[in-house]
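The chains referred to below are lettered A, B, ... by the order of the sequence lines, with proteins before strands, and numbering in each begins at 1. As a basis for the values below, the full set of heavy atoms in this structure was taken, side chains included, without hydrogen atoms, waters or symmetry mates.
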Amino acid sequence: GQSLEQPSEVTAVEGAIVQINCTYQTSGFYGLSWYQQHDGGAPTFLSYNALDGLEETGRFSSFLSRSDSYGYLLLQELQMKDSASYFCAVRSYPSSGAGSYQLTFGKGTKLSVIP
Amino acid sequence: EAQVTQNPRYLITVTGKKLTVTCSQNMNHEYMSWYRQDPGLGLRQIYYSMNVEVTDKGDVPEGYKVSRKEKRNFPLILESPSPNQTSLYFCASRKTSGGRNEQFFGPGTRLTVL
């Protein structure tokens, strides 16, 4: 089966940098995504890594190391509006090779940004 | 506007009273799925569908049914709801291949079963 581990809570100061880690165990791994969810809202897509390395999108960056089964989301210049839950999600293909890929979500990291 | 819609957004019902939560997407996505979200447990997949008339169980399918008669619609049916199905439900859709792995979520349906 699939399993993902990420911290349950992180607190950081406005203007600072925070890193949210995600480790995974899965078969048929294809890539790692990150989603953001504000309280009472729906998850929204942030980033996707299929290859090793860093992907940057504005203040947010995401990193993947396939050999270590590890990735992280980096948020820079934190703003109060970044307070939300962040989910990593593994994209994997069935071992049979048939069918579409599956997305399995971690339990989420609640980020609190304080003044 | 590309979107996934769900109805109702909020529902309070009683044990055993059949209900349906509708889901519709306008992006011509092949893949649709239902999740439930409970505190500390993240998003758990209930059922998914890779295309019309093709559905399969996710991680927590017990007590739920789905159907996919049209590409845009994917209703979730609770034949006999029980209090342990009180949860926040999300419908989602995406392409079946390629792309950025972006899955689009509906706004959620908060269900309370008394």
Side-chain angles (χ1 to χ4, degrees), chain A residues 1-9 20 22 24 26 28-51 55-57 60 62 64 71 84-94 96-110, chain B residues 1-7 9-10 21 23 25 27 29-52 54-61 68 87-110:
Chain A
Q2 329 282 5
S3 71
L4 295 93
E5 293 289 333
Q6 52 180 129
S8 58
E9 295 182 17
I20 300 174
C22 174
Y24 58 87
T26 185
F29 177 83
Y30 198 84
L32 188 71
S33 296
W34 289 91
Y35 285 75
Q36 178 191 59
Q37 184 183 29
H38 287 99
D39 280 349
T44 56
F45 176 84
L46 286 178
S47 69
Y48 173 61
N49 295 67
L51 303 174
E55 294 279 343
E56 298 182 59
T57 309
F60 292 4
S62 57
L64 175 65
S85 290
Y86 293 85
F87 295 86
C88 58
V90 162
R91 173 175 172 170
S92 61
Y93 279 86
S96 64
S100 175
Y101 66 86
Q102 292 299 323
L103 272 179
T104 304
F105 286 82
K107 293 182 179 180
T109 299
K110 186 174 177 63
Chain B
E1 179 190 356
Q3 60 181 351
V4 179
T5 57
Q6 294 178 227
N7 282 291
R9 294 290 313 279
Y10 303 91
V21 184
C23 173
Q25 51 94 6
M27 294 168 278
H29 286 162
E30 299 87 4
Y31 188 102
M32 298 184 74
S33 61
W34 277 101
Y35 295 86
R36 62 178 289 173
Q37 186 173 35
D38 303 288
L41 297 179
L43 289 158
R44 294 183 293 167
Q45 191 178 54
I46 303 170
Y47 268 95
Y48 65 94
S49 168
M50 289 197 288
N51 216 323
V52 175
V54 180
T55 64
D56 209 344
K57 297 177 180 178
D59 299 318
V60 288
R68 187 91 181 272
S87 188
L88 178 59
Y89 291 86
F90 288 102
C91 180
S93 75
R94 58 170 170 79
K95 296 179 182 179
T96 50
S97 62
R100 299 188 304 164
N101 195 44
E102 182 171 1
Q103 184 154 269
F104 296 83
F105 286 83
T109 295
R110 188 166 291 281

More than 12 heavy atoms of other groups within 6.0 Å of B:Arg110 CZ: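 Counting neighbours around CZ of B:Arg110, 12 or fewer heavy atoms of other residues, nucleotides or ligands fall under 6.0 Å, so no.
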Please state whether the side chain, the backbone, both or neither of [X] comes within less than 4.5 Å of a heavy atom of chain A.
X        : answer
B:Gln37  : side chain
B:Tyr35  : side chain
B:Gln103 : both

Most chain B-contacting option - heavy-atom pairs closer than 4.5 Å, from A:Gly106, A:Ala50, A:Ser33: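 It is A:Ser33.
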Chain B-proximal positions within residues 37-47 of chain A [heavy-atom distance under 4.5 Å]: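 So the qualifying residues are A:Gln37, A:Gly41, A:Ala42, A:Pro43, A:Phe45.
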Interatomic spacing from CZ in B:Phe105 to OH in A:Tyr35 - rounded to 0.5 Å: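 So the CZ of B:Phe105 and the OH of A:Tyr35 are separated by 6.0 Å.
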Pairing residues for A:Glu5 by the side chain to side chain contact (heavy atoms under 4.5 Å, CB included) criterion, not counting sequence neighbours: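 Applying side chain to side chain contact (heavy atoms under 4.5 Å, CB included) to A:Glu5 gives A:Thr23.
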Heavy-atom closest contact (A:Leu103 atom, B:Arg94 atom, distance):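 Looks like CD1-NE, 4.2 Å.
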